[in-house]
Amino acid sequence: MLSEKPRVRFAPSPTGYLHVGGLRTALYNYLYAKKNDGKFILRIEDTDKNRYVEGAMENLIETLKWIGLDYNEGPFINGNFGPYIQSQRLNIYRKYADELIEKGKAYHCFCTAERLENLRVEQKKLKLPQAMYDKHCLKLTQDEIKENLEKQIPHVIRLNVDKKGKVVFDDIIRDRVEFDCSTIDDQVLIKSDGYPTYHLANVIDDHLMKITHVIRGEEWLSSTPKHILLYDYFGWEKPIFAHLPLLLNPDKSKLSKRQGDVAVEDYRDKGYLKEAIINFIALLGWSGKDNKEFFMLDELIKEFSLEKVHKAGAVFNIEKLNWLNSEHIKNKSSEDILTLLKKEMINSKFKSENYSDFYLIKVIEIMKERITFIKDYITLSPYFFEKPEDYDKSVIDKRWESDTPEHLHKLIANYVKLEHLNKEQLEITLKNTAEELEIGTGKLIHPVRLAVSGIGVGPGLYEILEILGKDEVITRIKKAIEKIKQS
RNA sequence: GGCGCGUUCGUCUAGUGGCUUAGGACGCUGCCCUCUCAAGGCGGAGAUCACGGGUUCGAAUCCCGUACGCGCUACCA
């Protein structure tokens, strides 16, 4: 076992979308597998018919694919341990449940929902420490069971927990954890609709799929003793467990939809880069060496270890994600950003405009360090794609003076004479004009910025002018003189 | 209620008995740079390491208790 390459799995329930907490679980599994030259398996846990959501699995797989966590085995990528969708393995669970019954470790239970409910009420009245099934159906004789089955009375199969002793196991993250067997309920293994519960299916599949490490959320820690018991009753070797801390809302409760976005696709749609999401999620509960915080996926693989996973839950804090997004944008090549920007433009009001790659690359480079999202190119500097229609009132008040039109006319006259409109020439000419007019360069710079962009903030003026080009710059300044004079 | 897990700046975290007057990052903030805004550089505020007992020459670090938070307690995962 120890010499074998690890096989880990991400086993989500397809309830509609990939949850960020799920992504974190998937990521840590993925990193552990890649780091140790193992296999990362995707298994769909769709054993609850009531929660069936059309297209949920496809959506989940698509999101995993988008973010770059490719699995080695799973739906559509079959290994030797399929099928990887639990609803297609029903006969397997049935067979093993029967095996457990034969061994006396599980039994048929014909109790009605009413009896169970009454039992709970009774136990509560008696102030019993916790409500548990009373093994009522364990007393049934073979004949009674046979008769009930023939009559097709609805039934479940329960785990026959031996209430004596303790279950002890070592968790990579939490060290030794102990549970008293008297606190473990006779868990339902097969539901009355014939489907297995999570507990049964997960143990059987992990065994059959030769999973070596079960890396999952902390919400499973409390039911791990049931799983341990199952491994023992089957006589199977147990995997190594690692229970990850939970992701939290700002108020420290378990991350939920009510307090913000929880679907990975929401963040994708808001414009977060997959690199930033991965990096951010990795840092929620894990940290690398030497205070390093910027990580690409391959670097995470190199550095990751389960031993360094934090024990306490982590609040999902959007500020840091924003910062990482801008960092990852800065880290990208202009060509890569070009691809992303084009996609963004298709969804904007500039979709029908046709800008050359050459032009766009220049815009990309000049704005790169000022943006947090790709869409900021459009929202923060629309003037690269359209003439300004309005001019920021506060900037007019601050920078536009009565003699400004006169100054600008002079500047235009000088710019018209220029042959090569590069930023050096633009700067020299503007400075010379200011000198001619006996004014500070600021008296020209700010009005020109306002005239060509409509706003008071942005990259260096000469760079903006160079990108826009001579004719456009002159046209825009003239237009501004007209419009701002009127106002 | 029971059982389990957890608790270091607002947030993410480093820290595994002395190197710690608790380090870094995000955010906030001051200055520099500067045509503006960013970026960048240099600073600042911000944590009695949940609380109370022990163990020890010495504890954020080990032990016990308490509090608080969270998870589980389903024929949901």
Side-chain angles (χ1 to χ4, degrees), chain A residues 11-15 45-51 86 109 111 113 116 120 124 127-132 154-158 171 173-174 177-180 182-185 187-199 201-202 216-225 243 245-246 248 250-254 280 283-294 308 310-324 326-327 330 367-372 380-381 395 398-399 427 430 440-450 453 455-462:
Chain A
S13 177
T15 51
E45 311 233 329
D46 58 345
T47 54
D48 185 359
K49 282 199 284 190
N50 300 322
R51 291 216 282 173
Q86 290 187 327
C109 171
C111 289
L116 260 22
R120 268 183 218 116
K124 198 161 191 181
K127 295 228 159 99
L128 251 46
Q130 66 183 286
M132 262 196 272
H155 67 279
V156 300
I157 294 173
R158 286 184 183 273
D171 185 284
I173 295 162
R174 317 211 167 244
V177 186
E178 285 189 24
F179 290 84
D180 202 305
S182 63
T183 66
I184 304 171
D185 201 359
Q187 181 66 46
V188 170
L189 301 177
I190 300 276
K191 300 181 253 184
S192 55
D193 63 2
Y195 276 61
T197 56
Y198 170 86
H199 306 95
N202 136 278
R216 75 222 310 188
E218 196 192 344
E219 67 266 32
W220 295 111
L221 192 59
S222 298
S223 43
T224 303
H243 287 94
L246 262 19
L248 273 24
D251 71 354
K252 306 254 180 192
S253 57
K254 187 174 164 185
F280 176 63
L283 258 23
L284 251 28
W286 175 86
S287 60
K289 280 191 287 246
D290 307 321
N291 293 323
K292 183 175 160 73
E293 302 220 89
F294 182 92
K308 287 212 73 180
H310 201 72
K311 285 180 167 69
V315 173
F316 189 94
N317 155 246
I318 203 88
E319 304 282 352
K320 196 154 186 171
L321 210 206
N322 289 340
W323 170 71
L324 280 169
S326 64
E327 289 296 303
K330 280 178 214 148
M367 285 296 292
K368 205 174 188 174
E369 64 198 20
R370 282 160 236 271
I371 62 165
T372 302
L380 259 33
S381 56
V395 182
K398 194 173 176 191
R399 309 287 195 187
E427 180 169 359
L430 186 139
T441 52
K443 293 268 186 203
L444 281 175
I445 288 173
H446 296 293
V448 171
R449 173 186 295 284
L450 179 67
S453 74
I455 56 178
V457 300
L461 178 68
Y462 310 114

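Below, chain A is the first sequence line, B the second, and so on; all start at residue 1. Values below: all heavy atoms of this structure, side chains included; hydrogens, waters and symmetry mates excluded.
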Can you check whether A:T47's main-chain N or O pairs, donor with acceptor, with A:K191's side chain at less than 3.5 Å?
yes

Short side-chain N/O contact from A:K191 to OP1 or OP2 of B:rC76, under 4.0 Å
yes

Measuring only the C1' atom in each nucleotide, how far is B:rA77 from B:rG71? A whole number of Å is fine.
14 Å

Phosphate-side-chain proximity, A:S222 and B:rU73, N/O vs OP1/OP2 below 4.0 Å:
no

Closest of B:rA74, B:rA25, B:rU11 to the A:K252 side chain is B:rU11

Hey, does the side chain of A:R449 reach the backbone of A:G460 with a donor-acceptor pair shorter than 3.5 angstrom?
no

NA contact type, A:P447, heavy-atom cut-off 4.0 Å: base, sugar-phosphate, or nothing?
nothing

P atom, B:rG4 versus B:rC26: distance in rounded Å?
40 Å

Nearest to the side chain of A:P129, heavy atoms from C-beta on, is which of B:rG71, B:rC76, B:rG2?
B:rG2

Has the side chain of A:R174 got a donor or acceptor that lies under 3.5 Å from a partner of the other kind on the base of B:rC5?
no

Using a heavy-atom cut-off of 4.0 Å across all strands, would you classify A:L284 as base, sugar-phosphate, or nothing?
sugar-phosphate

Using the P atom on both, measure B:rC63 against B:rU7 and round to a whole Å.
13 Å

Using a 4.0 Å heavy-atom cut-off across all strands, classify A:K124 as base, sugar-phosphate, or nothing.
nothing

When the C1' atoms of B:rC68 and B:rG27 are considered, how many whole Å apart are they?
26 Å

Kindly say whether, by distance alone, the side chain of A:T183 makes a donor-acceptor pair under 3.5 Å with the base of B:rC3?
no

Touch check for A:F179, heavy atoms < 4.0 angstrom, all strands: base, sugar-phosphate only, or nothing?
sugar-phosphate

Any base atoms under 4.0 Å from A:G442, or only sugar-phosphate, or nothing? Heavy atoms, all strands.
nothing

For A:W323 and B:rA39, give me the distance from atom CH2 to atom P, rounded to whole Å.
12 Å

Hey, is the side chain of A:T47 poking within less than 4.0 Å of OP1 or OP2 on B:rA77, counting only N and O atoms?
yes

Which nucleotide, B:rU13, B:rG4, B:rU11, lies nearest any side-chain atom of A:V177?
B:rG4

For B:rC72, does OP1 or OP2 lie under 4.0 Å from any side-chain N or O of A:K254?
yes

Can you see if the side chain of A:H310 gets near the phosphate of B:rA14 - specifically, an N or O under 4.0 Å from OP1 or OP2?
yes

Once you apply a heavy-atom cut-off of 4.0 Å, does A:P12 come out as touching a base, just sugar-phosphate, or nothing?
nothing

Determine yes or no for a side-chain-to-main-chain donor-acceptor pair under 3.5 angstrom, with A:R174 supplying the side chain and A:H243 the backbone.
yes

Whether A:D180 side chain and A:S182 backbone form a donor-acceptor pair below 3.5 Å
yes

Taking atom C1' in both B:rG30 and B:rG46, what distance in whole Å separates the two?
15 Å

Which one, B:rC26, B:rU36, B:rC75, comes nearest to the side chain of A:K320?
B:rC26

With sugar-phosphate meaning primed atoms plus P, OP1 and OP2, does A:V315 contact a base, only sugar-phosphate, or nothing at under 4.0 Å between heavy atoms?
sugar-phosphate

Assign A:G460 to base, sugar-phosphate, or nothing according to its heavy-atom contacts below 4.0 angstrom with the strands shown.
base

Shortest side-chain distance from A:I445, nucleotide among B:rC35, B:rC12, B:rC75:
B:rC35

Within the 4.0 Å heavy-atom criterion, would you say A:V395 contacts the bases, only the backbone, or no part of the nucleic acid?
nothing

Between A:K308 and B:rA14, is there a side-chain N or O to OP1/OP2 distance below 4.0 Å?
no

Checking contacts here: which listed nucleotide (B:rC26, B:rC70, B:rA14) is nearest the side-chain heavy atoms of A:E319?
B:rC26

Of the candidate nucleotides B:rU7, B:rC75, B:rG4, which contains the atom at the shortest distance from the side chain of A:T197?
B:rC75

Does A:K330 have more than 12 heavy atoms from other residues, nucleotides or ligands lying within 6.0 Å of its NZ?
yes

Residues A:A201 and A:Q86: closest non-hydrogen pair is CB-NE2, 3.4 Å

Which part of the nucleic acid, if any, lies within contact of A:R216, taking any heavy atom under 4.0 Å across all strands shown: a base, the sugar-phosphate backbone alone, or nothing?
nothing

NA contact type, A:S287, heavy-atom cut-off 4.0 Å: base, sugar-phosphate, or nothing?
sugar-phosphate

